Novice: 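Submitted below is the structure of interest, expressed as structure tokens.
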Amino acid sequence: MIKDYKEIKEVVMQYVNGCATGDVELAKKAFHKNAIMYGYLNGELCAGSIDALYAAISQLGAAPETKYEVDVMEVVGTAATVRVVLEDWHGLGFTDFHSLVKMDGKWQIVAKIFHQ
């Protein structure tokens with residue numbers, strides 16, 4: 001179980017570090033190819049493919065001032081939930097809830113729900 005927590009945090013940190021460095025390819029490593037994302041961005045619903053996140057990271061670039069907190073909330077077998085708080089990502093703050101599934105021995109984020 002502790003091994004799973006460590007692996008999950010490593011996967012989520014690929015996302016966090018990808019955001020902070022502006023490295024889309026690093027962020028992509030954390031997500032399943034068919035991952036989805038839902039939340040409100042500046043009052044507008046952002047819903048659908050995780051590709052919208054990749055576009056934002058690419059467009060905005062690096063944000064080395066980004067602060068973060070990652071909490072593995074729950075792990076049950078091959079399912080997990082993680083909360084990520086990002087502050088000062090290009091002047092914005094987000095709380096994310098990531099759902100992960102362990103497929104073929106590898107944890108991947110399959111859904112990101114966020115609040116700005």
Side-chain angles (χ1 to χ4, degrees):
M1 182 86 132
I2 290 176
K3 181 178 181 247
D4 284 319
Y5 277 82
K6 182 177 182 243
E7 290 173 359
I8 290 164
K9 192 157 186 180
E10 287 171 1
V11 167
V12 174
M13 286 306 298
Q14 291 173 328
Y15 155 70
V16 170
N17 290 328
C19 287
T21 62
D23 186 340
V24 174
E25 294 307 312
L26 179 58
K28 280 184 177 182
K29 290 180 181 181
F31 291 90
H32 185 272
K33 65 180 179 173
N34 296 323
I36 58 172
M37 177 173 73
Y38 283 82
Y40 285 88
L41 182 62
N42 300 322
E44 296 289 323
L45 180 63
C46 177
S49 169
I50 199 68
D51 291 337
L53 172 66
Y54 304 149
I57 294 170
S58 178
Q59 178 185 357
L60 296 172
E65 66 282 356
T66 302
K67 297 174 200 65
Y68 66 88
E69 182 67 38
V70 175
D71 297 305
V72 178
M73 306 297 289
E74 186 84 39
V75 180
V76 179
T78 58
T81 304
V82 176
R83 178 180 55 214
V84 177
V85 177
L86 291 179
E87 292 181 352
D88 296 326
W89 187 66
H90 299 285
L92 302 171
F94 295 92
T95 300
D96 300 339
F97 297 94
H98 295 266
S99 296
L100 293 88
V101 175
K102 190 172 191 177
M103 292 179 263
D104 299 321
K106 180 181 172 191
W107 288 100
Q108 293 183 302
I109 301 169
V110 295
K112 167 187 158 105
I113 300 170
F114 68 91
H115 172 77
Q116 178 189 23

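Quick caveat, the model's predicted, so the values are computed rather than measured. Each residue takes its place number in the sequence, starting with 1.
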Novice: Which Ile, Leu, Val, Met, Phe, Trp or Tyr residues join Val85 in one cluster when any pair of side-chain heavy atoms under 4.5 Å counts as a link?
Specialist: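 Noted: Val85 shares its cluster with no other residue.
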Novice: What pair of heavy atoms forms the shortest contact from Lys9 to Val70, and how long is it?
Specialist: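 Closest approach of Lys9 to Val70: NZ-O, 3.9 Å.
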Novice: Taking only residues two or more places apart in sequence or in another chain, which ones pass salt bridge (Lys or Arg N to Asp or Glu O under 4.0 Å) with Lys29?
Specialist: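 None.
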Novice: From His98 NE2 over to Ile113 CD1, what is the distance, rounded to the nearest 0.5 angstrom?
Specialist: 10.0 Å
Novice: Please report the interatomic distance CD(Glu7) to NZ(Lys106), rounded to the nearest 0.5 Å.
Specialist: 11.5 Å
Novice: Quick one: list whatever passes salt bridge (Lys or Arg N to Asp or Glu O under 4.0 Å) with Lys67, sequence neighbours left out.
Specialist: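 Residues passing salt bridge (Lys or Arg N to Asp or Glu O under 4.0 Å) with Lys67: Asp88.
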Novice: Hydrophobic clustering (ILVMFWY, side-chain heavy atoms < 4.5 Å, transitive) - are Leu60 and Val84 grouped together?
Specialist: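 Yes, it is one cluster - the side chains of Val84 and Leu60 are joined through contacts under 4.5 Å.
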Novice: Is any side-chain heavy atom of Glu10 closer than 4.5 Å to a side-chain heavy atom of Trp107?
Specialist: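 No, side chains not in contact.
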Novice: Just list the side-chain donor-acceptor pairs under 3.5 Å for residues 40-51, sequence neighbours left out, or say none.
Specialist:
{"unit_1": "Asn42", "atom_1": "OD1", "unit_2": "Gln116", "atom_2": "NE2", "d": "3.1"}
{"unit_1": "Ser49", "atom_1": "OG", "unit_2": "Asp51", "atom_2": "N", "d": "3.0"}
{"unit_1": "Ser49", "atom_1": "OG", "unit_2": "Asp51", "atom_2": "OD2", "d": "3.2"}

Novice: When rounded to the nearest 0.5 angstrom, what is the spacing between CG in Leu86 and OG1 in Thr95?
Specialist: 8.5 Å
Novice: Excluding sequence neighbours, so at least two apart, what forms salt bridge (Lys or Arg N to Asp or Glu O under 4.0 Å) with Asp23?
Specialist: none
Novice: Compare every heavy atom of Lys112 with every heavy atom of Tyr15, then report the nearest pair and how far apart it is.
Specialist: OH-NZ, 2.7 Å
Novice: At their closest point, which heavy atom of Cys19 faces which heavy atom of Trp89, and how far apart are they?
Specialist: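 What the structure gives for the nearest pair is O-NE1, 2.9 Å.
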Novice: Looking only at non-hydrogen atoms, find the nearest pair between Ala35 and Ile109 and report the distance.
Specialist: CB-O, 3.7 Å
Novice: I need the Lys28 NZ to Leu53 CG distance, nearest 0.5 Å.
Specialist: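 Here the rounded value is 10.5 Å.
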Novice: Under a single-linkage rule joining Ile, Leu, Val, Met, Phe, Trp and Tyr whose side-chain heavy atoms are separated by less than 4.5 Å, which residues share a cluster with Val110?
Specialist: Val101, Met103
Novice: Spell out, as yes or no, whether a donor-acceptor pair under 3.5 Å connects the side chain of Ser58 to the backbone of Tyr54.
Specialist: no
Novice: Test of understanding: clusters of I, L, V, M, F, W, Y form through side-chain heavy atoms closer than 4.5 Å, transitively. Do Phe31 and Leu26 belong to the same one?
Specialist: no
Novice: With a 4.5 Å limit on heavy-atom distance, are the side chains of His115 and Phe97 in contact?
Specialist: no
Novice: Do the rings of Phe94 and Phe114 sit parallel, tilted or perpendicular, given the 30° and 60° boundaries?
Specialist: perpendicular
Novice: Measuring from Thr66:OG1 to Leu92:CG, what's the distance to the nearest 0.5 Å?
Specialist: 9.5 Å
Novice: What closest approach, in Å, do Ala62 and His90 show between heavy atoms, and which atom pair accounts for it?
Specialist: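 Nearest heavy atoms, Ala62 then His90: O-CE1, 3.2 Å.
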Novice: Identify the heavy atoms of Ala30 and Val11 that sit nearest to each other, and give their distance.
Specialist: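 Closest pair (atom of Ala30, atom of Val11, distance): CB-O, 3.3 Å.
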